[in-house]
Asker: 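Quick one: structure below, then a few questions.
The analysis underlying the following values was restricted to heavy atoms, covering all of them including side chains, and did not include hydrogens, waters or symmetry mates. Quick caveat: nothing in here was measured; it's all calculated off a predicted structure.
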Amino acid sequence: MQTDNSSWLIFDEAKKCEASKMRLFCFHYAGAGASIFQDWSRALPDEVELVAIQLPGREKRCYEPLMSNIEDINLVLAQELSPFLSKPFAFMGHSMGALIAFDLIRVLRQQELGQPQFIIISGFDAPQLRPKESSNMHQLPDDEFAQAIRDYNGIPEVIAQNEELFELLLPRFRSDIKLGETYIYKDEDPLDCRIIALYSTEDSFVSKSGMYSWQEQTKGEFELYTFPGDHFFLHSAEDLVLNTICTELQRSIKANENCSTEVALQK
């Protein structure tokens with residue numbers, strides 16, 4: 001996957017096509033980077049172009065300062081995405097990525113830059129349920145912070161088992177945890193787009209009721225899919241997750257085609 005004149009957006013050059021019918025923008029979880037989506041493109045419908053969001057301070061952007069404020073991130077992202085919203089698009093975010101994606105839709109709405117046809121929320125409770133007072137996990141000393149992440153099973157096993165890598169990524173985890181803990185939810189009108197929620201039965205970070213509460217954030221349709229696995233079911237149940245995403249993408253593509261046919265017949 002490569003950038004397209006933007007360090008924030010990672011395209012799959014092998015599938016990049018002006019004739020694509022939809023774009024799927026994917027937002028990574030805390031501590032991760034855009035590479036977690038590098039194999040997804042081949043599983044998606046040919047008509048879909050995948051664009052992975054790359055936040056500063058990771059992978060090829062590892063020498064850039066980390067950002068731990070969603071408002072700052074999304075003001076930049078709105079401008080970075082604006083040239084690529086001319087065709088139908090959808091958002092998908094896991095955990096921290098889900099919160100960023102949701103907030104970004106609100107920013108796009110405020111700036112009248114367009115709205116996705118749907119958003120896939122994975123592994124994150126509805127934002128209106130967040131406590132009014134912020135948690136301070138991100139302020140813990142390094143040893144306590146590291147232990148807290150391990151206790152909550154908040155990092156993939158492959159990182160948890162590699163002490164050197166874990167220590168190297170600790171500042172990134174702290175910045176990303178701060179991003180989520182300091183986010184202030186504001187009441188706004190529900191979104192117009194569909195919301196598809198992905199939930200794992202063994203995810204200690206979320207609850208089924210918390211995932212169902214996402215339906216309060218849309219005027220459109222809501223669907224909840226359940227998967228086996230823990231918080232990182234995105235990887236352990238990847239085939240099932242991708243099958244679900246493909247189903248939703250094909251549904252939108254078909255609906256768009258039917259709409260275009262109806263418009264053509266009316267002319």
Asker: Do Glu181 and Gln139 get their side chains close enough for a donor-acceptor pair, meaning under 3.5 Å?
Answerer: no
Asker: Side chains of Leu140 and Gln147: does their closest heavy-atom pair fall under 4.5 Å?
Answerer: no
Asker: Applying ring-ring contact (aromatic ring centres under 6.0 Å, His included) as the test, list every pair that has at least one member in residues 59-82; sequence neighbours left out.
Answerer: none
Asker: Can a donor-acceptor pair be found, under 3.5 Å and without considering hydrogens, that links the side chain of Ser207 to the backbone of Gly210?
Answerer: yes
Asker: How are the rings of Phe37 and Trp40 set to each other: parallel, tilted or perpendicular (split at 30° and 60°)?
Answerer: perpendicular
Asker: Can you find a pair of side-chain heavy atoms, one from Leu24 and one from Phe91, that are under 4.5 Å apart?
Answerer: no
Asker: If you compare all heavy atoms of Gly31 against all heavy atoms of Arg172, which two are closest, and at what distance to 0.1 Å?
Answerer: O-NH1, 2.9 Å
Asker: Enter the distance from Gln117:CD to Arg23:CZ here, rounded to the nearest 0.5 Å.
Answerer: 13.0 Å
Asker: Can you label the angle between the Phe89 ring and the Phe25 ring as parallel, tilted or perpendicular, going by 30° and 60°?
Answerer: perpendicular
Asker: Holding to side chain to side chain donor-acceptor pair (under 3.5 Å), I want the full list of residues that pass it with Ser86, two or more places apart in sequence or in another chain.
Answerer: none
Asker: Using 0.5 Å steps for rounding, measure from the NZ atom of Lys87 to the CG atom of Asn256.
Answerer: 12.0 Å
Asker: When rounded to the nearest 0.5 angstrom, what distance separates CE in Met137 from CZ in Arg174?
Answerer: 9.0 Å
Asker: Is it true that a side-chain atom of Ser175 and a backbone atom of Pro171 form a donor plus acceptor pair closer than 3.5 Å?
Answerer: no
Asker: Keeping to residues at least two apart or across chains, list the salt bridge (Lys or Arg N to Asp or Glu O under 4.0 Å) pairs with something in residues 194-213.
Answerer: Arg194-Glu248
Asker: Could you tell me whether Gln110 atom CD has more than 12 heavy atoms of other residues or ligands within 6.0 Å of it?
Answerer: yes
Asker: So, do Asp125 and Arg130 sit near enough that their side-chain heavy atoms are less than 4.5 Å apart?
Answerer: no
Asker: Over all heavy atoms of both residues, which pair between Ala34 and His28 is shortest? Give the atoms and the distance, please.
Answerer: N-CD2, 3.8 Å
Asker: I'd like to check Ile53 versus Cys26 (side-chain heavy atoms, cut-off strictly below 4.5 Å). Are they in contact?
Answerer: no
Asker: Measure across His231 and Gly123 and return the closest heavy-atom pair with its distance rounded to 0.1 Å.
Answerer: CE1-O, 3.3 Å
Asker: Students often mix this up, so state it plainly: with edges at 30° and 60°, are the rings of His94 and Phe233 parallel, tilted or perpendicular?
Answerer: perpendicular
Asker: I'd like a table of donor-acceptor pairs (distance under 3.5 Å, sequence neighbours excluded) in which one partner is a side-chain atom from residues 65-78, with atom names and distances.
Answerer:
unit_1	atom_1	unit_2	atom_2	d
Asn69	OD1	Glu71	N	2.9
Asn69	OD1	Asp72	N	2.9
Asn74	ND2	Ile100	O	3.2
Asn74	ND2	Asp103	OD2	3.0

Asker: Just grab all the salt bridge (Lys or Arg N to Asp or Glu O under 4.0 Å) pairs involving residues 233-243, residues at least two apart or on different chains.
Answerer: none
Asker: Filter on salt bridge (Lys or Arg N to Asp or Glu O under 4.0 Å), then keep only pairs touching residues 27-38, sequence neighbours left out; what's left?
Answerer: none
Asker: Is the ring pair Phe222/Tyr212 parallel, tilted or perpendicular, if the boundaries are 30 and 60 degrees?
Answerer: tilted
Asker: Nearest 0.5 Å, what's the CE-CG distance between Met211 and Leu198?
Answerer: 6.5 Å
Asker: For Tyr199, check side chain to side chain donor-acceptor pair (under 3.5 Å) against everything at least two apart and list the hits.
Answerer: none
Asker: Could I get the full list of side chain to side chain contact (heavy atoms under 4.5 Å, CB included) partners for Asp192, not counting sequence neighbours?
Answerer: Lys219
Asker: Scan residues 102-129 for pairs that pass ring-ring contact (aromatic ring centres under 6.0 Å, His included), counting only residues two or more places apart or in two chains.
Answerer: Phe102-Trp214
Asker: Output the distance between atom CG (Asn243) and atom OH (Tyr225), rounded to the nearest 0.5 Å.
Answerer: 11.0 Å
Asker: Is a donor on one side and an acceptor on the other found under 3.5 Å between the side chain of Arg58 and the backbone of Ala32?
Answerer: yes
Asker: Distance-only, no hydrogens or angles: does the Arg61 side chain make a donor-acceptor pair with backbone N or O of Gln54 under 3.5 Å?
Answerer: yes
Asker: By side chain to side chain donor-acceptor pair (under 3.5 Å), which residues pair with Glu144, not counting sequence neighbours?
Answerer: none
Asker: Are any side-chain N or O atoms of Thr218 and backbone N or O atoms of Cys193, one a donor and one an acceptor, separated by less than 3.5 Å?
Answerer: yes
Asker: Would a 4.5 Å heavy-atom cut-off, applied to side chains only, mark Thr244 and Glu223 as touching?
Answerer: no
Asker: If you define the side chain from C-beta out and look only at heavy atoms, does anything of Leu234 sit under 4.5 Å from Met92?
Answerer: yes
Asker: Any non-hydrogen side-chain atom of Pro45 less than 4.5 Å from a side-chain atom of Lys21?
Answerer: no
Asker: Mind jotting down which residue pairs meet the salt bridge (Lys or Arg N to Asp or Glu O under 4.0 Å) criterion with at least one end in residues 158-171? Sequence neighbours excluded, please.
Answerer: Arg150-Glu163
Asker: Under the side chain to side chain donor-acceptor pair (under 3.5 Å) test, which residues partner Glu216, sequence neighbours left out?
Answerer: Gln128
Asker: Measure across Pro228 and Ser236 and return the closest heavy-atom pair with its distance rounded to 0.1 Å.
Answerer: O-OG, 4.4 Å
Asker: Measure from the side-chain N and O atoms of Glu47 to the backbone N and O of Ile253, and report whether any donor-acceptor pair falls under 3.5 Å.
Answerer: no
Asker: For Leu44 and Cys246, work out which heavy atoms get closest and say how close.
Answerer: CA-SG, 3.8 Å
Asker: What is the distance from atom CE of Met96 to atom CZ of Phe173, rounded to the nearest 0.5 Å?
Answerer: 10.0 Å
Asker: Is there a path from Leu113 to Leu81 through hydrophobic residues (I, L, V, M, F, W, Y) whose side chains come within less than 4.5 Å of each other?
Answerer: yes
Asker: Do you know which two heavy atoms are closest between Arg106 and Lys186, and how far apart they sit?
Answerer: NH1-O, 2.7 Å
Asker: Side-chain contact test, heavy atoms from C-beta onward, threshold under 4.5 Å: evaluate it for Ile105 versus Gln115 and give yes or no.
Answerer: yes
